[in-house]
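Worksheet: one structure, shown below.
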Amino acid sequence: MNKDDCIFCKIANGEIPSATVYEDSVCRVILDVNPANKGHALIIPKEHFDNIYSIDAETAAKIFTIATEVAKAQKAELNPDGLNILQNNGEAAGQTVFHFHMHLVPRYIKDNVTMTWIPGKADTEELSTLSKALRKRI
């Protein structure tokens with residue numbers, strides 16, 4: 001399923017040119033045209049999924065398998081000090097293109113990329129209650 005108005009569907013299926021790193025029947029991996037750092041890659045499934053809530057487990061597993069291979073290639077080629085794997089879901093989480101995609105961002109000591117939050121303090125009883133509720137849904 002593709003959405004006619006989805007730019008990532010068009011990129012993933014080759015209708016819009018991209019700097020393609022990898023491609024198979026499930027997805028295309030491209031270099032981001034607005035990178036956080038050199039080598040910032042996006043893994044985009046060819047089938048349209050709005051977000052993680054709609055993607056099937058088989059496609060998700062394939063994407064993460066490809067992510068490990070792309071990360072190894074980034075490490076060998078760019079020798080970053082680290083790597084962020086980022087996947088946003090929903091506007092509140094920073095998703096701007098509503099087609100599931102995964103970012104692989106090479107990181108360097110003293111780069112200007114920020115992905116931080118202020119750690120909170122969890123209540124032990126609340127953690128226990130919530131973990132039980134979530135287990136029931138898995």
Side-chain angles (χ1 to χ4, degrees):
M1 176 186 94
N2 291 327
K3 283 189 155 180
D4 292 336
D5 61 341
C6 177
I7 191 165
F8 276 12
C9 283
K10 292 175 182 177
I11 293 169
N13 291 293
E15 296 172 40
I16 295 175
S18 63
T20 299
V21 172
Y22 173 87
E23 180 181 11
D24 63 19
S25 62
V26 175
C27 69
R28 182 181 297 256
V29 181
I30 66 169
L31 294 178
D32 197 318
V33 295
N34 300 113
N37 271 333
K38 182 178 180 178
H40 178 169
L42 299 175
I43 303 174
I44 308 170
K46 291 184 175 182
E47 184 174 344
H48 184 88
F49 301 98
D50 288 339
N51 50 44
I52 198 168
Y53 307 116
S54 61
I55 197 167
D56 61 274
E58 185 178 338
T59 303
K62 176 70 173 177
I63 288 170
F64 207 87
T65 298
I66 292 165
T68 62
E69 294 305 313
V70 173
K72 290 172 187 175
Q74 289 170 315
K75 181 68 173 170
E77 185 64 28
L78 301 166
N79 196 32
D81 298 313
L83 176 76
N84 283 118
I85 297 176
L86 181 66
Q87 202 282 305
N88 302 322
N89 297 280
E91 188 176 344
Q95 186 178 10
T96 58
V97 178
F98 294 90
H99 179 120
F100 179 96
H101 57 286
M102 182 180 288
H103 297 260
L104 281 77
V105 182
R107 295 299 306 274
Y108 301 91
I109 301 298
K110 298 184 182 178
D111 67 19
N112 293 320
V113 179
T114 58
M115 294 185 207
T116 63
W117 58 86
I118 299 169
K121 179 72 174 144
D123 176 74
T124 305
E125 188 175 309
E126 182 182 8
L127 288 175
S128 177
T129 301
L130 182 56
S131 67
K132 289 174 188 171
L134 292 171
R135 274 197 305 272
K136 288 180 184 177
R137 294 184 179 271
I138 296 174

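Everything numeric in this text was worked out from a predicted model, so none of it was measured.
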Under 3.5 Å, side chain of Q74 to main-chain N/O of P80, donor-acceptor pair present? no
Restricting to side-chain hydrogen bond (donor to acceptor under 3.5 Å, both in side chains), what partner residues turn up for N37, sequence neighbours left out? D111
Looking only at heavy atoms, which two atoms of L31 and G39 are closest? And how far apart? CD2-O, 3.8 Å
Check for a donor-acceptor pair, side chain of R28 on one end and backbone N or O of I11 on the other, with a separation under 3.5 Å. yes
Residues passing the salt bridge (charged side-chain N to carboxylate O under 4.0 Å, His left out) test with D56, sequence neighbours excluded, are none
Between T129 and E126, is there a donor-acceptor pair closer than 3.5 Å when you use the side chain of the first and the backbone of the second? no
Do side-chain atoms of S128 reach the backbone of T124 as a donor and acceptor pair under 3.5 angstrom? no
Looking only at atom types and distance, does a side-chain atom of K10 sit under 3.5 Å from a main-chain N or O of D4, one as donor and one as acceptor? yes
Pairing donors with acceptors under 3.5 angstrom, does anything connect the side chains of T20 and S18? yes
Apply salt bridge (charged side-chain N to carboxylate O under 4.0 Å, His left out) to E69 and list each qualifying residue two or more places apart in sequence or on a separate chain. K72
Heavy-atom donor-acceptor pair, N13 side chain to K46 backbone, under 3.5 Å: yes
Looking at T65 and A61, would you say the former's side chain and the latter's main chain have a donor-acceptor pair under 3.5 Å? yes
Looking at G90, is its backbone amide N or carbonyl O close enough to the side chain of Q95 to form a donor-acceptor pair, meaning the two atoms are under 3.5 Å apart? yes
Would you check if the side chain of N89 reaches a backbone N or O of I52 as a donor-acceptor pair within less than 3.5 Å? yes
Donor-acceptor contact below 3.5 Å, side chain D81 vs main chain I109: yes
Decide if the gap between the ring center of H101 and the ring center of H99 is smaller than 6.0 angstrom. no
